[in-house]
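Side-chain atoms are counted along with the backbone in the values below, which use heavy atoms only and exclude waters and symmetry mates. Convention: sequence-line order gives letters A, B, ...; per-chain numbering from 1.
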Protein chains: 2
Amino acid sequence: MRSPAVNLIEIYQCFCDETRLRILNILSQGPLCVCHLQELLDQPQVRISKHLGYLKTKGVVEAARHQNWMIYSLPAHPSPELEANLKCLQDCVQTHAVFKHDLKRLSKLRPTVGWLDEITGCCSKRQVPQKKTAYETKVLR
Amino acid sequence: MRSPAVNLIEIYQCFCDETRLRILNILSQGPLCVCHLQELLDQPQVRISKHLGYLKTKGVVEAARHQNWMIYSLPAHPSPELEANLKCLQDCVQTHAVFKHDLKRLSKLRPTVGWLDEITGCCSKRQVPQKKTAYETKVLR
DNA sequence: GAGACATATTCCTTAAAGAGGATATAGATG
DNA sequence: CATCTATATCCTCTTTAAGGAATATGTCTC
């Protein structure tokens, strides 16, 4: 069992990279698949994937597979520390162009990804089946 | 000129080490000299000094020489980001034993260091002159 | 100016983080 | 099962961080 201080430090470790901050900022608006994050951040796939992996191992994001996309989101039940710091982060990024810009681009994207039926249309050009997955039903109502 | 996002990240870089968090927690109670920090944290001189140097280069603490002691403090005029995050940090550490313990030990120490005249009596066994330094006069009222 | 004290800096070693290219896996389609 | 798409992992390289020992600097005292 780890000391609680460790969790706090791990939160800050997650927060000290710009790509990760941008990811968290975007996820503050709701769950999103990797390919959309990639598109919004305009960064190579490896990079996004590794940062998401890092965030996940520290418990700062959660992931769920939805068909062949991975949907990342902020934890449904964050620790008080994480919650406080995510809130604080939100306040801090308000004034910074990069982050505002990301949210702006997200909002343009969002009409097409706001609900999971439409997320399934994600980055794929193919048709996807209409049946609900467990993730769709349980996690996103 | 650096992007504002950089500042934010630098704050988090400063926050992701336990020793530095403990230092910041202690300094939240007021300015303190290096030797007292050393004593409170019970860590080697090099370590404390280097962490303080790190914090200083990032603008997260300020330092002023007072005779032959260096007095460290949180910045008199922190950026909004820093202020918000220091506040958040304060909330978060409330519940963690290490940090509470540090403040407890600090408060035992503090009667002897609460005012600068007494800080000068610091870790030294020698007598120190009674005249005020510029730091004492200007910074600490 | 010599010596004592408080603190910082240098040098070295080790560990961790971050990047990218190439490859592997998992689910969906046909 | 062959193939496509989305994502993760492996390998390698470079950078940054952290720790400690030894040494340097700055201030004070005498």
Side-chain angles (χ1 to χ4, degrees), chain A residues 6 9-10 12-23 32-39 41-58 61 63-72 113 119-131 133-136, chain B residues 6 9-10 12-23 32-39 41-58 61 63-72 113 119-131 133-136:
Chain A
V6 171
I9 288 161
E10 285 180 335
Y12 294 127
Q13 285 172 340
C14 287
F15 281 24
C16 61
D17 175 277
E18 176 161 343
T19 301
R20 291 198 291 260
L21 285 189
R22 291 176 67 191
I23 290 174
L32 206 63
C33 67
V34 179
C35 48
H36 274 131
L37 283 168
Q38 234 173 276
E39 193 186 332
L41 300 181
D42 191 29
Q43 288 185 8
Q45 187 261 323
V46 204
R47 192 136 101 206
I48 302 293
S49 180
K50 280 203 287 194
H51 281 302
L52 285 169
Y54 186 96
L55 289 170
K56 194 165 75 133
T57 62
K58 307 280 185 178
V61 302
R65 179 173 285 277
H66 174 76
Q67 298 169 4
N68 58 354
W69 298 278
M70 291 297 297
I71 312 289
Y72 279 84
V113 299
I119 283 189
T120 60
C122 209
C123 301
S124 173
K125 311 297 175 280
R126 294 174 294 111
Q127 279 301 100
V128 289
Q130 289 304 318
K131 67 176 164 58
T133 61
Y135 175 75
E136 196 166 2
Chain B
V6 171
I9 288 161
E10 286 181 334
Y12 293 128
Q13 285 172 340
C14 287
F15 281 23
C16 62
D17 175 276
E18 176 161 341
T19 301
R20 291 198 291 260
L21 285 189
R22 290 176 68 192
I23 289 174
L32 207 63
C33 67
V34 179
C35 51
H36 274 130
L37 283 168
Q38 234 173 277
E39 192 186 332
L41 301 180
D42 191 29
Q43 289 184 8
Q45 186 261 324
V46 204
R47 191 136 103 206
I48 302 293
S49 180
K50 281 205 283 194
H51 282 302
L52 286 170
Y54 186 97
L55 291 170
K56 195 165 75 134
T57 62
K58 308 278 186 179
V61 301
R65 179 174 285 278
H66 174 78
Q67 297 170 4
N68 60 353
W69 298 278
M70 290 297 297
I71 312 288
Y72 279 84
V113 300
I119 282 188
T120 59
C122 209
C123 300
S124 171
K125 311 297 176 277
R126 292 177 293 112
Q127 277 304 97
V128 290
Q130 289 305 318
K131 67 178 163 57
T133 63
Y135 175 76
E136 196 166 1

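The distance between atom CZ of A:Arg65 and atom P of D:dT5, rounded to the nearest whole Å, is 16 Å. Rounding to whole angstrom units, CD1 of residue B:Ile23 and P of C:dT7 are separated by 13 Å. One interatomic measurement links the two molecules: CG of B:Leu37 to P of C:dA6, which rounds to 14 Å at whole-angstrom precision. Rounded to an integer number of Å, the gap from NZ of B:Lys56 to C1' of C:dA8 is 9 Å. A straight line from CD of A:Gln38 to C1' of C:dA19 spans 15 Å, rounded to a whole angstrom. Atoms CD (B:Gln13) and P (C:dA17) sit 13 Å apart, rounded to a whole Å. Whole-Å rounding puts the B:Leu55 CG to D:dA17 C1' distance at 13 Å. Note: CD (B:Glu18) to P (D:dG19) measures 11 Å, nearest angstrom.
With C:dA6, C:dA17, D:dA8 as the candidates, the nucleotide lying closest to the side chain of A:Tyr54 is C:dA17. Taking the side chain of B:Cys33 as heavy atoms from C-beta on, and the options C:dT7, D:dG26, C:dA26, the nearest nucleotide is C:dT7. Closest approach to the B:Asp17 side chain among D:dA8, D:dT27, D:dA18 is made by D:dA18 (side chain taken as heavy atoms from C-beta onward).
Ring geometry, A:Tyr12 versus B:Tyr12: the interplanar angle falls under 30°, so the pair is classed parallel (tilted spans 30 to 60°).
When the options B:Leu32, B:Asp17, B:Leu52 are evaluated for a side-chain contact (heavy atoms from CB on, under 4.5 Å) with B:Ile23, the one that passes is B:Leu52. Partner B:Tyr54 forms a side-chain contact (heavy atoms from CB on, under 4.5 Å) with one of B:Lys50, B:Lys56, B:Lys58 and no other, that one being B:Lys58.
Here the closest non-hydrogen pair linking A:Tyr72 and A:Val61 is CD2-CG2, 3.7 Å. Of all heavy-atom pairs between A:Ile71 and A:His66, the closest is CG1-CB, 3.7 Å. For A:Cys16 against B:Ile9, the heavy-atom pair with the smallest separation is O-CG2, 3.5 Å. Taking every heavy atom of both residues into account, B:Cys14 and B:Arg20 meet most closely at O-NE, 3.0 Å.
Annotation: proximity of residues 41-49 of chain A to DNA chain D (heavy atom, distance under 4.0 Å) is found for A:Gln45, A:Val46, A:Ser49, numbered in ascending order.
Side-chain N/O atoms of A:His66 include none lying less than 4.0 angstrom from OP1 or OP2 on C:dG27. Contact annotation: B:Tyr72 side-chain N/O to C:dA6 OP1/OP2 distance is not under 4.0 Å. At the phosphate of D:dA18, OP1 or OP2 sits under 4.0 Å from a side-chain N or O atom of B:Arg20.
Residue side chain A:Lys50 reaches the base of C:dA19 through a donor-acceptor N/O pair under 3.5 Å, judged by distance alone.
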